[in-house]
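Both counts, for ligands and for their atoms, begin at 1 and track the order of listing. Keep in mind it's a predicted model, so treat the numbers as computed, not measured.
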Amino acid sequence: MIDIKGLTKQADNKLILRGIDLSIKQGETVAILGPNGAGKSTLLKVLSTLIKPTTGQVMINGLNLKKNQLEIKKLFGYLPHSSLLYDQYSPLENLVFFGELYGVNNPEKRATELVKEVGLSFFLNEPVKNFSRGMIQRIAIARAIVHEPRILYLDEPHTGLDQGAIAILNNVIVSMKVKGTTTIMVTHDFKQAAEICDRILIMKNGKIVDDFKLKERNLDLLNDKYQLQVEGVS
Ligand SMILES: Nc1ncnc2c1ncn2[C@@H]1O[C@H](COP(=O)(O)OP(=O)(O)OP(=O)(O)O)[C@@H](O)[C@H]1O
Ligand SMILES: [Mg+2]
């Protein structure tokens, strides 16, 4: 479903991604871990067509990222650090807007359901600008999935969420996985990575330095592998 070969990204004479080769199958939930500045968000930005690769090839569902941006954009939902929401508008207005953009059937119904799903029905018509960080993140999650994407790119999605919202987000990811959605999640939260992901990538200095399957939410294995790769402790 996602095939990356020899991907590099250079900006300001700095090589941010230094040759990424990666293949991800439909329905996998993949966590990308790594220290600050490793290039994790940059990789997600390339995949979500926000920035262009310098070299290499990216194929998504058989479509070339360079040539089929419009088709590819319909396939994924992207949750970056910024919410991408319109401040002066309510959750309902925001989600209807994005729903219409993606050609969702009956966007108002979908928007109302999603706001309920993220536990903010009470605030359906309040402007987002009055919301707390966690509330905004809940609506941003709803925005990312409004068109029921086949692929989800999440950049530190658990940041700022309370326990209830963490459970909601994890449920969203797991229930989308059941439907065959592929998820790539950048995170510093190892516990959540172990909780929902079945494959772990570790990035360091613009490269993937480890790539392994995780079974039975084995947080200890994840910690050990990370320490070995990133901190050089065995
Ligand atoms: N547009 C840009 N121009 C120049 N350098 C950039 C640009 N975008 C990112 N970088 C640099 O690329 C490196 C990787 O950044 P990136 O945001 O991908 O890291 P990250 O792994 O997501 O880190 P974090 O865990 O802190 O979010 C950093 O050194 C950053 O300064
Ligand atoms: Mg980042």
Considering only heavy atoms, does Asp12 approach ligand 1 within less than 4.0 Å through its side chain, its backbone, both, or neither? side chain
Are the ring centres of Phe97 and Tyr89 closer than 6.0 Å? no
Separation between NE2 (His188) and CD1 (Ile32), nearest 0.5 Å, reads 11.5 Å
Among Thr183, Asp198, Thr182, which residue satisfies the side chain to side chain donor-acceptor pair (under 3.5 Å) criterion with Lys177? Asp198
Applying a 4.0 Å heavy-atom criterion (strictly less than), which segment of Ile16 is in contact with ligand 1: side chain, backbone, both, or neither? side chain
Quick look: Met203 vs ligand 1, heavy-atom contacts under 4.0 Å, and the answer is neither
Determine whether a donor-acceptor pair (N or O, by modelled atom type, separation under 3.5 Å) exists between the side chain of Asp155 and the backbone of Val186. no
Has Ser41 got an N, O or S atom lying less than 2.8 Å from the Mg ion (ligand 2)? yes
If you scan protein heavy atoms around atom 17 (O) of ligand 1, the nearest is Ser41 CB, 3.7 Å
Given Lys9, Gln10, Lys14, His188, identify the one with the heavy atom nearest to atom 29 (O) of ligand 1. Lys14
Could you report the tightest heavy-atom contact between Gln26 and Gly180, atom names first, then the distance? NE2-O, 2.6 Å
Would you say His81 has any N or O atom under 3.5 Å from an N or O of ligand 1, going by distance alone? no
Do me a favour and list the nearest non-hydrogen protein atom to atom 16 (P) of ligand 1 with residue, atom name and distance? Thr42 OG1, 3.5 Å
What I want to find out is whether Lys109 reaches Glu113 closely enough, with some N-O distance under 4.0 Å, to be called a salt bridge. yes
More than 12 heavy atoms of other groups within 6.0 Å of Asn130 CG: yes
How long is the gap from CD on Gln137 to NE2 on His81, to the nearest 0.5 Å? 10.0 Å
Please list, in number order, the atoms of ligand 1 under 4.0 Å from a heavy atom of Glu156. 27 (O)
How far is atom 14 (C) of ligand 1 from its nearest protein heavy atom, and which residue and atom name does that atom have? Gly37 O, 3.3 Å
Heavy-atom nearest option to atom 19 (O) of ligand 1, drawn from Gly34, Gly39, Ala11: Gly39
In this structure, atom 26 (O) of ligand 1 is nearest to the protein heavy atom Asn36 ND2, 2.9 Å
